[in-house]
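Everything below concerns the one structure shown next.
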Amino acid sequence: MDKRPLILVTNDDGITAPGIRTLIAVMNEIGDVVVVAPDSPQSGMGHAVTISETLYCDAIKVDDGPQKEYKSSGTPADCVKLAVSEILDRRPDLCVSGINHGSNSSINVIYSGTMSAAVEAGVEGIPAIGFSLLDYSWNANFEVLKPFIKQIVLNVLEHSLPDGVVLNVNFPKSETFKGIKICRQARANWVEEFDKRINPQGKVYYWLTGKFINMDKGEDTDEWALANNFISVVPVQFDLTAHHFIHKLNNWNL
């Protein structure tokens, strides 16, 4: 590229989370960075958007880096919408979301605010990547991820992505990695359980719990890659049409 790319950075853990601060530092080595991220954690928000409350978006300075930063009261998807429509003076060359504190592999991609921000960018026609680390600790070691993030981002900037496709990148919790593996999303899901309790006023309330069940034994999945210390890269599409079923559905008596 003749000039430094414009890179939009966002996340769902909040603008001060160590994951996004690491991602910003890497992006500053590559391009001109604008950050629009939630002012508080928004994990598990999926692709929610704010329609019944007012939205705020204010400039903020978190560290001494060259990036411009804005904190928003909205969801991760809101942040991308605000960036494109109100904050940026031109369309970004790339949107990166994360680094998420915790896994967004397999079915987790559906619930993830981090990946929904990347998908929203993809909807806007912007190449996008979501990054996640399988470590929920606030003090997780993000330093070891930096060279791999840079490698993936530079490849996306060089080759671009097809319309309708974003990348879901997950890192195992490790100090060293066997490499990068291109994968498909594993067929897995959560079996939910609810911890039922009663508050001092006698009102019943619930805490969501559950177990992650991987039904997929394939060695080409993100879950297999992560379990075997590979970085998983899954191309994700947001066209939810079941194209393979259209022909059969046309044969129904509808």
Side-chain angles (χ1 to χ4, degrees), residues 7-17 19-20 23-24 27 34-53 55-57 70-88 91-92 94-134 136 149 152-153 156 161-171 183-186 188-190 192 208 210 212 222-223 232-241:
I7 302 175
L8 172 63
V9 180
T10 189
N11 76 342
D12 74 357
D13 289 312
I15 197 166
T16 61
I20 195 173
L23 192 56
I24 292 166
M27 294 307 104
V34 177
V35 182
V36 185
D39 58 11
S40 60
Q42 296 280 339
S43 296
M45 290 298 291
H47 212 109
V49 293
T50 303
I51 58 174
S52 59
E53 298 177 5
L55 273 175
Y56 298 93
C57 193
Y70 301 83
K71 62 176 182 178
S72 170
S73 62
T75 67
D78 287 330
C79 289
V80 175
K81 289 179 178 291
L82 283 167
V84 172
S85 299
E86 296 292 328
I87 295 171
L88 300 175
R91 185 169 294 274
L94 178 71
C95 174
V96 292
S97 184
I99 307 164
N100 192 67
H101 294 241
S103 169
N104 279 320
S105 57
S106 185
I107 196 64
N108 295 306
V109 70
I110 298 295
Y111 308 110
S112 166
T114 294
M115 280 306 299
S116 290
V119 167
E120 180 61 34
V123 171
E124 294 282 351
I126 303 163
I129 315 167
F131 292 101
S132 304
L133 171 63
L134 276 66
Y136 289 95
I149 290 173
I152 293 168
V153 165
V156 169
L161 292 171
D163 288 341
V165 173
V166 303
L167 297 185
N168 181 19
V169 179
N170 281 269
F171 293 88
C183 308
R184 63 177 174 87
Q185 177 181 317
N189 70 305
W190 287 90
E192 280 82 13
L208 175 62
F212 182 73
D222 50 4
E223 291 297 328
S232 69
V233 178
V234 177
V236 175
Q237 62 183 12
F238 46 85
D239 175 3
L240 299 181
T241 306

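The structure displayed is predicted, hence computed values, not measured ones.
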Problem - Residues in side-chain contact (heavy atoms from CB on, under 4.5 Å) contact with Asp239, at least two apart in sequence or another chain - result: Thr241, His243
Problem - Within-4.5 Å side-chain heavy-atom neighbours: Ile24 and Val35 - result: yes
Practice task
Evaluate the side-chain proximity of Val153 to Met27: yes if any heavy-atom separation is below 4.5 Å, no if none is.
Solution key: yes
Practice task
Output the distance between atom CG (Asn170) and atom CZ (Phe131), rounded to the nearest 0.5 Å.
Solution key: 10.5 Å
Exercise for the section: Please lay out, stage by stage, how Leu8 and Val96 fare under the test side-chain contact (heavy atoms from CB on, under 4.5 Å). Expected result: CA-CA 6 Å; Leu8 172 63; Val96 292; over 6 Å; no
Completion exercise
Sorted by chain and number, sequence neighbours left out, side chain to side chain donor-acceptor pair (under 3.5 Å) with Ser40 holds for none
Problem - Step-by-step side-chain contact (heavy atoms from CB on, under 4.5 Å) determination, Leu161 to Leu167 - result: CA-CA 9 Å; Leu161 292 171; Leu167 297 185; 4.0 Å; yes
Problem - Asp12 side chain to Thr114 backbone, donor-acceptor under 3.5 Å - result: yes
Practice task
Taking the side chain as every heavy atom from C-beta outward, state whether Met115 and Asn100 have any atom pair closer than 4.5 Å.
Solution key: no
Handout entry: Under 3.5 Å donor-acceptor, Asp39 side chain and Gly14 backbone
Key = no
Exercise for the section: Check whether any side-chain heavy atom of Cys183 lies under 4.5 Å from a side-chain heavy atom of Val233, and answer yes or no. Expected result: no
Fill in the blank from the handout: In this structure, CG of Leu23 is separated from CG of Asn11 (nearest 0.5 Å) by 8.5 Å
Practice task
Could I get the full list of side-chain contact (heavy atoms from CB on, under 4.5 Å) partners for Ile51, not counting sequence neighbours?
Solution key: Val49
Handout entry: side chain to side chain donor-acceptor pair (under 3.5 Å) partners for Ser85, two or more places apart
Key = none
Problem - Side-chain touch Cys79/Ser72, heavy atoms, less than 4.5 angstrom - result: yes
Handout entry: Residues, nucleotides or ligands: over 12 heavy atoms within 6.0 Å of Glu192 CD
Key = yes
Practice task
Search all heavy atoms of Ile87 against all heavy atoms of Tyr70 and return the closest pair with its distance.
Solution key: CG2-CE1, 3.5 Å
Can you give the donor-acceptor pairs under 3.5 Å from side chains of residues 118-130 to other protein atoms, not counting sequence neighbours?
from: Glu120; atom 1: OE1; to: His47; atom 2: NE2; distance (Å): 2.7
from: Glu120; atom 1: OE2; to: Lys81; atom 2: NZ; distance (Å): 3.1

Handout entry: Atom of Ala17, atom of His101 and distance for their closest heavy-atom approach
Key = CB-NE2, 3.9 Å
Practice task
Measure the spacing between CD1 of Ile20 and OG1 of Thr10 and express it to the nearest 0.5 Å.
Solution key: 5.5 Å
Practice task
Examine the side chains of Ser232 and Asp222 and answer whether a donor and an acceptor come within less than 3.5 Å of each other.
Solution key: no
Handout entry: Validation row: Val36, Val34 side chains within 4.5 angstrom (heavy atoms)
Key = yes
Handout entry: Spacing of OG belonging to Ser103 relative to CG belonging to Leu133, to within rounding of 0.5 Å
Key = 9.5 Å
Practice task
To the nearest 0.5 Å, tell me how far Ile110 CD1 sits from Leu240 CG.
Solution key: 7.0 Å
Completion exercise
Those residues at least two apart in sequence (or on a different chain) that pass side chain to side chain donor-acceptor pair (under 3.5 Å) with Thr75 are Asp78
Exercise for the section: Could you pull out all residues at least two apart from Arg91 that satisfy side chain to side chain donor-acceptor pair (under 3.5 Å)? Expected result: none
Problem - Side chains of Val109 and Ser105 in contact at under 4.5 Å (non-hydrogen atoms) - result: no
Exercise for the section: Using the test salt bridge (charged side-chain N to carboxylate O under 4.0 Å, His left out), find all partners of Lys71 that sit at least two apart in sequence or belong to another chain. Expected result: none
Completion exercise
For Tyr56, the side-chain contact (heavy atoms from CB on, under 4.5 Å) test, sequence neighbours excluded, returns Thr54, Asp58, Ser73
Problem - Donor-acceptor pair, side chain of Thr50 and main chain of Glu53, under 3.5 angstrom - result: no
Practice task
For Glu223, enumerate each residue passing the salt bridge (charged side-chain N to carboxylate O under 4.0 Å, His left out) test, keeping only those at least two apart in sequence or located in another chain.
Solution key: none
Exercise for the section: Answer whether the closest heavy-atom distance between the side chains of Phe171 and Ile149 falls below 4.5 Å. Expected result: yes
Completion exercise
Taken to the nearest 0.5 Å, the spacing of Cys57 SG from Glu86 CD works out to 9.0 Å
